[in-house]
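First the structure, then my questions, so here it is.
Computed from a prediction, not measured in an experiment: that's the story for all the values here.
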Amino acid sequence: MSLAAYCVICWRRIGTSTPPPKSFTYWRQIRNIIKFTGSLILGGSLFLTYEVLALKKSLTLDTQVVEREKMKSYIYLHPGPLDKRENHGIAWLARKELHKAVRKILAASAKILQSPFADTFSTVDIEDHECAMWLLLKKSKADERTARLEAVQEMSETHHWHDYQYRIIAQACDARTLIGLARSKESDLRFFLPPPPLPSLKEDSSIEEELRQLLASLPQTELDECIQYFTSLALSESSQSLAAQKGGLWCFGGNGLPYAESFGEVPSATVEMFCLEAIVKHSEIPTHCDKIEASGGLQLLQRLYQLHRDCPKVQRNIMRIIGNMALNEHLFSTIVHSGWVSIMAEALKSPHIMKSSHAARTLANLDRETVQERYQDGVYVLHPQYRTSQPIKADVLFIHGLMGAAFKTWRQQDSERILIEKALEDEDRYTTCWPKTWLARDCPALRIISVEYDTALSDWRAGCPAERKTIAFRSNELLLKLRAAGVGDRPMIWISHSMGGLLVKKMLLEASQKPEMSPIISNTRGIIFYSVPHHGSHLAEYSVNIRYLLFPSLEVKELSKDSPALKTLQDDFLEFAKDKSFQVLSFVETQPTYIGSMIKLHVVPVESADLGIGELIPVDVNHLNICKPKKKEAFLYQRTLQFIRETLAKDLEK
């Protein structure tokens, strides 16, 4: 009641009082507006201050935690998005939109000021190049090929990152980027994670036994008689002595020794080596590669590779198998995930020519981003082995001779021990492979390829069919491999030693009769022959006096002076070369070659090395050293270099 009475009294007073002055009413309205506006500004300021502080808190990191995390090799993913079906209030939605706006402002300022965030809003301990790291990683996955290549190149040229940053790239990049980094010369090996842990061996089992089981699981179909023979031999023989007796003089894939040095030796062959040699040939068949992968062969071979780090022959055959498997694109992801790219990236940087060249072949087969060619077993690129911006304008092919090899045939004339020691000091003076070092530096626009094929002096291995070893068979096989490697797409020069020159002649004759091989003929600019026995060699005539030539192989028989096949090859090639414009340069030895300690033999006399066309130059060296210059300034190398430059002058100028 009292409250009602008070209200009535107030209303009566208002009704009887005089109206307020106009000026008083005006200031009263202004005062009300100020009160309302001030309250709104104060409330908004408090709200904005709270939100900015909350945002700053969410962006602030504990620097000690950051430093601890830098030592780890983990990638932290953002948590998954909240359930969109969850119902949020208006305040939450307004706060979300405000956060978006502030983040956009901060991102824009970061781009303009070249800093991650302004000091006012963050205390994150991040350097400028960390942002570049993530930008490069994103760029490496772009849709445009040019952008991806640029990103990989920039990554490989970066050397100031911390260890954890390389590890982040190693885990976050895709297989295409990883392979590109492996084929980039300046790449840091920290880009490559160690291979994953290998599965444990089965109980009561050994690596040798598992290797046998792998070989036994492979199909015995689509194999020639020679491979079937070695497969059965590897599975049946269990002792090293029996394997050596059955194997005789081993040169299954070219052991890299000069043939004269092998006359008095019978290499000891372990069961593992026999198995690997057989698996190498199995890996040339795509369906067998699938079986090797499905049977855990990649992991088993990796275990064997790590176990035999000091055995180049074992590692060589393992890398041949992986290189063959890399020809199958559907196996790329498995090869990458098994850790072989990391192993090959390290091997590519090895100073040993065999190791680096086998790794270069494998990585080139995996790199479909920049390499269209396919490098099959026995075809090795000596230059360029890495990705390069240098345009390649011509090819030079090196073909070794009887009992030669893709690398050691073309080494510098010196003892091997001194050679390896001094090659690490100065490759200009001492080199284990002069085409890879000297020629690549003098002519960087060349692609330099070296070819390897099987040869043998003795025919003790009766299980292998003789027709596999004929010059005609090998020339056809090599021709297909070289065409798959893109040989013929550019101007080219052939360089051959001894029996390799006969193969070159036969390959050109074969190519001239096949329309699909016509680019090889049209792009051949020249040929260099190092002591090639166009008219036969004295080697076969001495076979009865040499222990390992009691049963000379078909290769040796074909080199005899009265060989009908050799005479036909010479006549056909001269007829073929009549209307061709390619240049020919021949070198021939004038010194005899010591075979063992008892026999001195002039392997290729001057009259046999005379092709009948081109220039013939006698050189005061023996048969083994005719293709091995003493030094870079030696006549042999300088005349060879002059011939290459003059013959390809027009093509290199384009």
Side-chain angles (χ1 to χ4, degrees), residues 382-383 392-401 409-410 434-435 438-440 442-451 475 478-479 482-483 486-512 517-535 569-589 604 606-619 626-627 629 634-654:
L382 302 181
H383 173 80
I392 302 301
K393 300 180 179 179
D395 291 339
V396 175
L397 283 77
F398 287 82
I399 317 293
H400 67 78
T409 290
W410 313 104
W434 59 264
W438 298 347
L439 184 58
D442 290 334
C443 300
L446 298 178
R447 180 178 65 157
I448 304 173
I449 293 178
S450 187
V451 174
S475 64
L478 289 179
L479 197 60
L482 291 175
R483 194 69 190 103
V487 172
D489 295 339
R490 305 182 186 91
M492 54 190 291
I493 288 179
W494 303 82
I495 300 180
S496 59
H497 174 236
S498 190
M499 194 184 81
L502 303 180
L503 280 173
V504 170
K505 290 161 62 177
K506 187 63 177 177
M507 281 191 284
L508 289 174
L509 288 174
E510 292 283 342
S512 66
M517 298 293 178
S518 59
I520 292 180
I521 302 299
S522 59
N523 276 321
T524 293
R525 298 288 190 268
I527 310 174
I528 296 179
F529 294 111
Y530 288 110
S531 286
V532 175
H534 302 291
H535 305 282
L569 176 62
Q570 172 66 8
D571 294 341
D572 291 347
F573 185 79
L574 288 178
E575 183 67 25
F576 158 79
K578 280 183 178 179
D579 58 344
K580 300 297 183 296
S581 59
F582 54 74
Q583 304 296 312
V584 176
L585 174 64
S586 299
F587 296 96
V588 60
E589 77 233 33
V604 179
V606 175
E607 60 272 14
S608 181
D610 187 2
L611 177 63
I613 56 176
E615 182 181 4
L616 176 64
I617 302 177
V619 183
I626 189 66
C627 56
F635 171 77
L636 264 174
Y637 174 72
Q638 290 299 324
R639 184 65 183 90
T640 299
L641 178 62
Q642 179 186 358
F643 178 86
I644 293 173
R645 284 175 169 170
E646 291 177 352
T647 305
L648 296 174
K650 294 181 180 179
D651 301 299
L652 295 178
E653 290 175 358
K654 293 181 180 178

- Query: Does a side-chain heavy-atom distance below 4.5 Å link Ile644 with Asp442?
  - Reply: no
- Determine, step by step, whether Leu569 and Leu509 satisfy the side chain to side chain contact (heavy atoms under 4.5 Å, CB included) criterion, reporting the C-alpha distance in whole Å, the side-chain angles of both residues, the deciding distance to 0.1 Å, and the verdict. CA-CA 9 Å; Leu569 176 62; Leu509 288 174; 3.6 Å; yes
- Query: Out of curiosity, Leu439 CG to Ile448 CD1, how far, rounded to the nearest 0.5 Å?
  - Reply: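 It comes to 4.0 Å.
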- Message: Nearest 0.5 Å, please: how far is CE in Met499 from NE2 in His400?
- Response: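 Nearest 0.5 Å value for the NE2-CE distance: 8.0 Å.
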- Message: Quick check: do Glu607 and Leu616 have side-chain heavy atoms less than 4.5 Å from each other?
- Response: no
- Any chance you could measure Glu510, atom CD, to Leu479, atom CG, to the nearest 0.5 Å? 7.0 Å
- Note on the structure: Nearest heavy-atom approach of Leu502 to Pro533 is CD2-O, 3.9 Å
- Any donor-acceptor pair under 3.5 Å linking the side chain of Thr647 with the backbone of Phe643?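 Side chain of Thr647 to backbone of Phe643, a donor-acceptor pair under 3.5 Å: yes, one is there.
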- Query: Is the centre of the Phe529 ring less than 6.0 Å from the centre of the His534 ring?
  - Reply: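 Ring centres of His534 and Phe529 closer than 6.0 Å.
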- Query: For the side chain of Asn523 and the backbone of Gly488, is there at least one donor-acceptor N/O pair under 3.5 Å apart?
  - Reply: yes
- Message: Just verifying a value: how many Å separate Arg483 CZ and Leu478 CG, rounded to the nearest 0.5 Å?
- Response: 15.0 Å
- Non-hydrogen side-chain atoms of Leu611 and Gln570 separated by less than 4.5 Å: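 Yes, close enough: below the 4.5 Å cut-off.
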- Message: Ile520 vs Trp494, test: side chain to side chain contact (heavy atoms under 4.5 Å, CB included). Steps then yes/no.
- Response: CA-CA 11 Å; Ile520 292 180; Trp494 303 82; 3.9 Å; yes
- Query: Are any non-hydrogen side-chain atoms of Trp410 and His497 less than 4.5 angstrom apart?
  - Reply: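 A side-chain contact under 4.5 Å exists here.
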- Message: With rounding to the nearest 0.5 angstrom, report the CG to CG distance, Leu397 to Leu446.
- Response: 11.0 Å
- Quick one: does Leu636's side chain get under 4.5 Å of Trp434's, heavy atoms only? no
- Item | Closest contact, heavy atoms only, Ser475 versus Lys506 |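 That closest heavy-atom pairing would be OG-CG, 3.1 Å.
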- Message: Quick one: does any side-chain atom of Arg645 pair with a main-chain N or O of Leu652 as donor and acceptor, under 3.5 Å?
- Response: no
- Are any non-hydrogen side-chain atoms of Trp438 and Pro629 less than 4.5 angstrom apart? yes
- Query: Any side-chain heavy-atom pair from Val532 and Ser496 closer than 4.5 angstrom?
  - Reply: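 Val532 vs Ser496: side chains touch.
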- Task: Check whether any side-chain N or O of Ser531 sits under 3.5 Å from a backbone N or O of Glu589 as a donor-acceptor pair, and report yes or no.
- Result: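 Yes, because the side chain of Ser531 sits within donor-acceptor range (under 3.5 Å) of the backbone of Glu589.
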- Task: Please examine the side chains of Gln583 and Glu615, heavy atoms only from C-beta on, and report whether any two atoms are closer than 4.5 Å.
- Result: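 With C-beta onward as the side chain, the pair stays apart.
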- Check step by step if side chain to side chain contact (heavy atoms under 4.5 Å, CB included) holds for Ile493 and Phe582. CA-CA 9 Å; Ile493 288 179; Phe582 54 74; over 6 Å; no
- Message: One pair to check against side chain to side chain contact (heavy atoms under 4.5 Å, CB included): Arg490 and Asp651. What are the steps and the verdict?
- Response: CA-CA 9 Å; Arg490 305 182 186 91; Asp651 301 299; over 6 Å; no
- Task: Check whether any side-chain N or O of His383 sits under 3.5 Å from a backbone N or O of Pro444 as a donor-acceptor pair, and report yes or no.
- Result: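 At least one qualifying donor-acceptor pair exists.
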- Would you give the length of the straight line joining atom CD1 of Ile617 to atom CD1 of Ile626, rounded to the nearest 0.5 angstrom?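 Ile617 CD1 to Ile626 CD1: 9.5 Å, rounded to 0.5 Å.
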